[in-house]
Amino acid sequence: MASGNENGRVLRLYIDVEPATLEERRKRLADQQKALATARKVSPRPKNVVTVVIGPTELPCDLDLLQRATKFFVRGKAGMVYGLPACHVGLESFIIIYKWMAKPSQVVPPKLLMGVYRAAIYLNIKVLLEQFHEKFRDPRAAREEIGFYMFCGLHAMNLYVPVRKILSVNRYFLTMVGTTEYLHLWPNALIKLLSSTNICVNSEMEVLIATILWLFHDYRSRHSHTMELLDCVRFDSIPFEALLQFRDHCPFSPLTQLLFRPEFDMFLKRAPSLNNNIRYCNRRIWIYDPQCKYHHDAHCPRRNFITLDQFMDFQRVLRAAPNLHWCNRHQLNPYMHSCRHEVCRRFPKMPYHRRISNH
């Protein structure tokens with residue numbers, strides 16, 4: 001919180017006592033400087049200035065601009081200071097709203113969508129709330145990643161909206177697995193998602209890895225859901241040899257313990273041998289991502305041979321990719337028997353033991 005003194009200056013009373021590493025403090029300082037620069041850019045020469053304090057950050061804002069958008073600041077006067085709780089109005093969310101006040105066509109990034117909604121509720125910005133409620137009426141009409149963040153945000157905020165909250169993810173699935181929101185999905189929602197035939201993956205092994213990553217984010221409280229989640233994986237679409245390779249190359253010791261438990265062995269029996277016909281049709285939507293180094297075409301025998309390290313490397317690539325990169329994933333052609341992967345073009349008939357070691 002802060003208050004004005006007789007000289008018109010702001011007296012800082014906020015003490016940043018939140019524990020953080022040096023790197024985190026540097027990032028926080030960079031975010032504060034960026035927010036301050038944005039606020040000044042939105043309204044370079046305001047006539048009436050108030051200071052909005054969010055956490056340790058003090059933002060000089062145009063009072064006239066604030067009052068036109070919401071009655072929250074209706075009694076404000078030049079020189080006043082407003083302290084906003086960061087739990088309701090995050091710094092990034094407020095900056096997005098402030099830019100929207102000056103330019104209503106401002107695009108809200110999907111990750112900040114529900115933070116902006118929470119801030120709009122606190123600040124009682126009716127026009128912005130009406131726009132959100134219009135989206136909430138039909139969440140399936142929203143783009144996949146927007147629908148995902150809406151779904152997670154509404155559940156986390158425990159808010160009632162007059163629509164059925166539906167998690168519908170297709171091509172965004174592999175990108176979604178690398179988000180914090182995915183790791184905090186509640187079990188029932190995850191089970192429904194993993195049971196869907198509409199999620200887009202290159203192989204069923206990616207579904208198994210996504211399941212394992214969720215379980216081991218908090219295995220102590222989630223281990224009771226192991227059987228339900230593993231039952232969502234189509235083990236009859238994964239070669240037995242690929243599962244053995246994955247288990248043998250797993251670097252996490254707690255994870256290795258799960259993969260050698262009797263429950264996993266029970267599901268392992270469902271996996272066919274590589275020499276047998278494996279059920280691919282209508283199990284999932286099989287796709288190819290050009291940024292992924294381990295993706296193969298539909299009938300390539302190497303398609304399921306993935307290690308956890310390879311999957312995590314792919315997640316790092318996705319974090320650096322453009323926001324809408326996931327839209328470029330295209331469905332595999334079931335009639336194409338050749339594979340576009342470089343290794344497959346060079347060694348189309350590599351023996352099994354060499355394939356595992358050189359994949």
Side-chain angles (χ1 to χ4, degrees), residues 18-21 23-24 27 87 90 110-115 144-145 147-158 165 167-196 199-235 238 243 246-264 267-268 284 292 294 306-321 326:
E18 184 179 346
T21 63
E23 184 179 350
E24 290 171 338
K27 183 180 181 302
C87 58
K111 291 183 179 181
L112 298 177
L113 195 70
M114 299 313 295
E144 284 184 43
E145 87 280 25
F148 170 66
Y149 284 105
M150 283 170 50
F151 179 84
C152 297
L154 289 171
H155 183 272
M157 294 167 68
N158 197 26
K165 292 182 282 188
L167 179 56
S168 178
V169 174
N170 306 122
R171 293 188 183 188
Y172 187 64
F173 179 79
L174 290 175
T175 303
M176 178 200 70
V177 172
T179 65
T180 303
E181 286 75 11
Y182 170 77
L183 295 176
H184 290 91
L185 275 177
W186 50 108
N188 291 341
L190 184 61
I191 289 170
K192 290 180 181 178
L193 177 65
L194 296 180
S195 300
S196 170
I199 57 176
C200 297
V201 289
N202 184 256
S203 68
E204 190 66 16
M205 183 63 80
E206 290 178 321
V207 180
L208 175 60
I209 295 175
T211 302
I212 289 171
L213 291 177
W214 184 88
L215 278 170
F216 274 86
H217 182 69
D218 185 8
Y219 188 64
R220 181 172 296 180
S221 63
R222 297 178 178 182
H223 72 277
S224 59
H225 302 288
T226 301
M227 296 295 288
E228 291 177 284
L229 288 167
L230 289 179
D231 198 42
C232 298
V233 180
R234 276 72 159 165
F235 280 89
I238 309 175
L243 290 168
F246 177 74
R247 186 164 70 173
D248 293 342
H249 289 75
C250 191
F252 298 157
S253 56
L255 182 54
T256 306
Q257 291 176 10
L258 168 67
L259 298 178
F260 281 92
R261 288 179 66 86
E263 300 97 296
F264 187 79
F267 288 100
L268 201 63
R284 307 287 187 188
C292 186
Y294 64 77
I306 308 169
T307 65
L308 186 61
D309 286 338
Q310 288 176 319
F311 187 84
M312 300 310 293
D313 287 343
F314 178 42
Q315 289 300 314
R316 283 187 280 272
V317 170
L318 291 179
R319 283 195 287 272
W326 58 271

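Throughout, numbering of the chain's residues begins at 1 and tracks the sequence. Just so you know, these numbers come straight off a predicted model, no measurement behind them.
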Parallel, tilted or perpendicular, as decided by the 30° and 60° cut-offs, for the rings of Phe311 and Phe314: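 If you compare the ring of Phe314 with that of Phe311, the planes turn out perpendicular.
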[X] to [Y] - nearest heavy-atom pair and separation:
X      : Y      : value
Arg284 : Val207 : NH2-CG1, 3.6 Å
Val177 : Gln315 : C-OE1, 4.2 Å
Leu259 : Ile212 : CD2-CD1, 4.0 Å
Leu215 : His225 : CD2-C, 4.5 Å
Phe246 : Ile306 : CD1-O, 3.6 Å
Trp214 : Pro187 : CH2-CG, 3.8 Å

Looking at [atom1] of [X] and [atom2] of [Y], how far apart are the two atoms once the value is rounded to the nearest 0.5 Å?
X      : Y      : atom1 : atom2 : answer
Leu213 : Leu208 : CG    : CG    : 9.5 Å
Leu185 : Cys152 : CG    : SG    : 4.5 Å
Leu174 : Ile199 : CG    : CD1   : 8.5 Å
Glu204 : Ile209 : CD    : CD1   : 11.0 Å
Phe151 : Met114 : CZ    : CE    : 11.5 Å
Cys200 : Trp326 : SG    : CH2   : 9.5 Å

Any donor-acceptor N/O pair, Thr179 side chain to Met176 backbone, under 3.5 Å: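 Yes, the answer is positive, given that a donor and an acceptor are paired below the 3.5 Å cut-off.
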Trace of the ring-ring contact (aromatic ring centres under 6.0 Å, His included) decision for Phe216 with Tyr219: CA-CA 5 Å; Phe216 274 86; Tyr219 188 64; 4.6 Å; yes
Worked check of side chain to side chain contact (heavy atoms under 4.5 Å, CB included) between Ile191 and Cys232: CA-CA 7 Å; Ile191 289 170; Cys232 298; 3.8 Å; yes
Leu229/Arg222 under side chain to side chain contact (heavy atoms under 4.5 Å, CB included): CA gap, chis, key distance, verdict: CA-CA 10 Å; Leu229 288 167; Arg222 297 178 178 182; over 6 Å; no
Salt-bridge contact Glu144-Arg171 (side-chain N to carboxylate O under 4.0 Å):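 So Glu144 does not pair with Arg171 through a salt bridge.
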Leu190 and Tyr182: CA distance, side-chain angles, deciding distance, side chain to side chain contact (heavy atoms under 4.5 Å, CB included) verdict: CA-CA 9 Å; Leu190 184 61; Tyr182 170 77; 3.5 Å; yes
Is [Y] close to [X] at the side-chain level, that is, under 4.5 Å between some pair of heavy atoms?
X      : Y      : value
Val233 : Met205 : no
Thr226 : Arg261 : no
His217 : His184 : yes
Phe148 : Leu113 : no

Residue pair Phe264, Phe235: steps toward the side chain to side chain contact (heavy atoms under 4.5 Å, CB included) verdict: CA-CA 11 Å; Phe264 187 79; Phe235 280 89; 4.2 Å; yes
Sequence-distant partners of Asp231, side chain to side chain donor-acceptor pair (under 3.5 Å), two or more places apart: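 Applying side chain to side chain donor-acceptor pair (under 3.5 Å) to Asp231 gives Arg270.
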For Arg316, all residues meeting side chain to side chain donor-acceptor pair (under 3.5 Å), sequence neighbours excluded: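 Residues passing side chain to side chain donor-acceptor pair (under 3.5 Å) with Arg316: Asp313.
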Residues, nucleotides or ligands: over 12 heavy atoms within 6.0 Å of His223 NE2: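 Counting neighbours around NE2 of His223, 12 or fewer heavy atoms of other residues, nucleotides or ligands fall under 6.0 Å, so no.
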